[in-house]
Amino acid sequence: MLRASKLLYKCLSLCFICSATLAIAELFTGKDSSWKLFMLISGSMALMMMGLFYLQRQFIYVAALNQKQGDSHKDVVMEAQLQYLTEMKRRLEHQLDDQAAQLNRYFLQQLFLGGYTQPELHSRLALIGGAPSEQRLFAVMTLRMEPIEHTRFAENDRDLLLFAIRNVIEELIPSSSRLTPVSIEDKIVLLTADPCQSKDTFRAVMDTWVEMIQTAVSQYLSLKLSVGVSAVFVDKMSIPNAYQESLEAFKYRIWTKEQSIYYYEEPLAGTMNGYPLPHELEQEWLEAVKHCEIERADNLLHQVVKEMVHHAGNPQTLEMSMVRLLFAFMEHMRQWGIVYDIWQNSRTSLIQQVIKLQSEAEIERWFKQVLMDPCLTTLEGNMKSYKKNLLDQIVTMIREEYDTDLSLETVASRLHYNPNYLSGLFNKEMNITFSEYLAKQRHEMARKWLIETGLPVKEIACKLQYKNSQNFIRSFRKGQGMTPGEFRMKYGRKPIFEEMGYITERGADPVFE
């Protein structure tokens, strides 16, 4: 804009000079109007130059103002860019810190789970600031929340609660005596260390730490913590084994119900072979399950678990007893023809599930819900056809062998069942005892022979396996309301319609429906 005004100014000046020259030339030629023309053009030019000078001044002012504003805008932009870069730097540093913390937590999880060789272990511990080398005693401590069902927290608050408890641990246990606590599944695990040479002194220190942590968690979160502590060790390569020991320590709560801190105890020599052999209670329990006696099976299972825990005395022996009971139950299920899906509701094997049980109530609940109840459901589904088939076999034997020395014991032996069980089943399902049913079948045949034949009563009694005729007469009179002789006198050698009248009169029941 400034250049355009200068160019316009030069053009007007040139026009003014040309006008003046033309006016002077006309003046010397004698024309009168030349002076007036000169004055007019000169005045116009003068006014135009004054206006142009004013515009030039305005252009210069505006240009200066624009330049000043442009410089100010550049400063604002540079300041905003600087703030953005500073914020980005802060965010990146925060992300790097988070990633470093996550990597450390991952390393610690792998440390407890046994994911590193000895060189890797020492190098990793050095990178994250592991326990000082002068500290010689170590122990792994695992903390677990008690059930939160009856607290003010919901199940989806568990991760937040674990985070809060980790912060409590970091506040109360000096950083020089521990590594960063990490979460594994639903538990918090940390490696503790102490320079003292005495295991008893180290345990006393850990007792103090645990008491402070439990008090703080109870005060601020109203939650209870149970703590499992491994055996004290020196070699850092023993950390994975120590973690497993801290988990094993929780199983001692079966015998120490009131404690909240459990120390792993080395199993004594010879105790691994001391677990009890199959107890008679187990056989009764399995028999009750087989016959779908639900209430009795529940009561017997409670007694079996109680006896098993009482005789075990330590977690290792108890695990072997539980696994043995599991195998015994599975073998009986196979004998009963039940196909069981061992991966039914879990990706872990039944043995893995069993060895994780940590209380008497958990053991009883697991055997009931995972094994016994599904088995009872299957057995009950087959029970109707099973009972009918069994009763059909018994009735067939009675109908075909009524004239032999047949007894409940003989039937039970041939069918491979307990006589007491068959007696109870027959009485419950048929509403009549086995001996009464056999007697009715024999009376039916006696009636037929008394009507259709002239066989003596003594011979009929012998054919029906009565030891003497008097026993037969007493039995027949009890069932028919008259002696065999009276029956023959009344109905013997009569037309068939009179026999039908007798049946109607007696209201004879069918032998088997």
Side-chain angles (χ1 to χ4, degrees), residues 112-114 138-149 162 165 183-192 199 203 206-207 210 213-214 223-233 238-276 279 282 301-329 346 348-371:
F112 292 117
L113 297 175
F138 300 93
V140 173
M141 188 182 296
T142 299
L143 298 90
R144 184 179 65 182
M145 287 187 295
E146 294 297 327
I148 60 176
E149 285 81 3
L162 291 175
I165 295 172
S183 297
I184 299 179
E185 295 179 349
D186 59 343
K187 304 174 185 67
I188 298 174
V189 187
L190 73 153
L191 176 68
T192 59
K199 294 182 179 181
R203 277 197 172 186
M206 286 190 288
D207 284 340
V210 170
I213 293 169
Q214 290 175 331
L223 293 175
K224 292 183 179 180
L225 289 178
S226 55
V227 183
V229 183
S230 71
V232 177
F233 61 96
S238 300
I239 291 175
N241 291 334
Y243 169 60
Q244 295 300 322
E245 291 176 355
S246 70
L247 297 179
E248 288 285 325
F250 285 110
K251 297 182 179 180
Y252 284 95
R253 69 185 303 171
I254 299 178
W255 298 277
T256 54
K257 300 180 184 299
E258 301 300 326
Q259 288 183 205
S260 57
I261 179 170
Y262 309 96
Y263 288 96
Y264 176 79
E265 302 291 347
E266 293 288 346
L268 298 176
T271 58
M272 297 303 291
N273 297 323
Y275 64 91
H279 197 278
E282 295 180 14
L301 174 61
H302 177 76
Q303 297 178 47
V304 167
V305 172
K306 194 174 187 65
E307 285 290 319
M308 186 167 55
V309 171
H310 173 72
H311 285 291
N314 62 71
Q316 295 77 23
T317 303
L318 179 59
E319 287 178 5
M320 296 188 69
S321 298
M322 290 190 296
V323 170
R324 179 185 53 76
L325 183 61
L326 167 64
F327 286 163
F329 193 91
S346 176
T348 57
S349 70
L350 294 180
I351 296 178
Q352 290 174 316
Q353 295 177 45
V354 162
I355 63 178
K356 289 182 179 179
L357 303 176
Q358 297 179 356
S359 72
E360 190 173 311
E362 284 185 12
I363 296 171
E364 182 177 346
R365 189 183 312 113
W366 188 89
F367 273 94
K368 174 177 171 56
Q369 296 179 353
V370 177
L371 290 184

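Computed over heavy atoms, backbone and side chain alike; hydrogens, waters and symmetry mates excluded.
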What's the spacing between Met322 CE and Ile355 CD1 if we round to 0.5 Å? 8.5 Å
Any side-chain heavy-atom pair of Gln244 and Leu247 under 4.5 Å: yes
dist Phe250:CZ -> Ile261:CD1 (nearest 0.5 Å) comes out at 9.5 Å
When rounded to the nearest 0.5 Å, the distance separating CD1 of Ile165 from CG of Leu143 is 7.5 Å
Heavy-atom side-chain contact between Ile351 and Phe327 under 4.5 Å: yes
Nearest atoms (heavy-atom pairs only) where Ser183 meets Leu162: OG-CB, 4.1 Å
To the nearest 0.5 Å, tell me how far Leu190 CG sits from Ser246 OG. 9.5 Å
Please identify each residue that fulfils side-chain hydrogen bond (donor to acceptor under 3.5 Å, both in side chains) with His302, with sequence neighbours left out. Glu364
Is it true that a side-chain atom of Ser359 and a backbone atom of Glu362 form a donor plus acceptor pair closer than 3.5 Å? yes
Side chains of Glu248 and Glu319: closer than 4.5 Å at any heavy-atom pair? yes
Side-chain heavy-atom pair Tyr243, Leu191 within 4.5 angstrom cut-off: no
Taking all non-hydrogen atoms of both residues into account, name the closest pair between Gly114 and Pro240 and its distance. CA-CG, 3.4 Å
Distance in Å, Leu318 CG paired with Lys251 NZ, rounded so as to fall on 0.5 Å steps: 8.0 Å
State, with a plain yes or no, whether a side-chain heavy atom of Tyr263 is found less than 4.5 Å away from one of Met206. yes
Minimum-distance pair of heavy atoms, taken over all atoms of Gly228 and Ala249: CA-CB, 4.0 Å
If you look at every heavy atom in Leu326 and Val354, which pair is closest and at what distance? CD2-CG2, 4.1 Å
Mind running side-chain contact (heavy atoms from CB on, under 4.5 Å) on Thr142 and Tyr262 for me, showing each step along the way? CA-CA 10 Å; Thr142 299; Tyr262 309 96; over 6 Å; no
Distance from Leu301 atom CG to Phe367 atom CZ, nearest 0.5 Å? 8.0 Å
Is there a side-chain contact between Val227 and Met141 (heavy atoms, below 4.5 Å)? yes
Is Glu360 close to Val305 at the side-chain level, that is, under 4.5 Å between some pair of heavy atoms? yes
If you define the side chain from C-beta out and look only at heavy atoms, does anything of Glu146 sit under 4.5 Å from Leu225? no
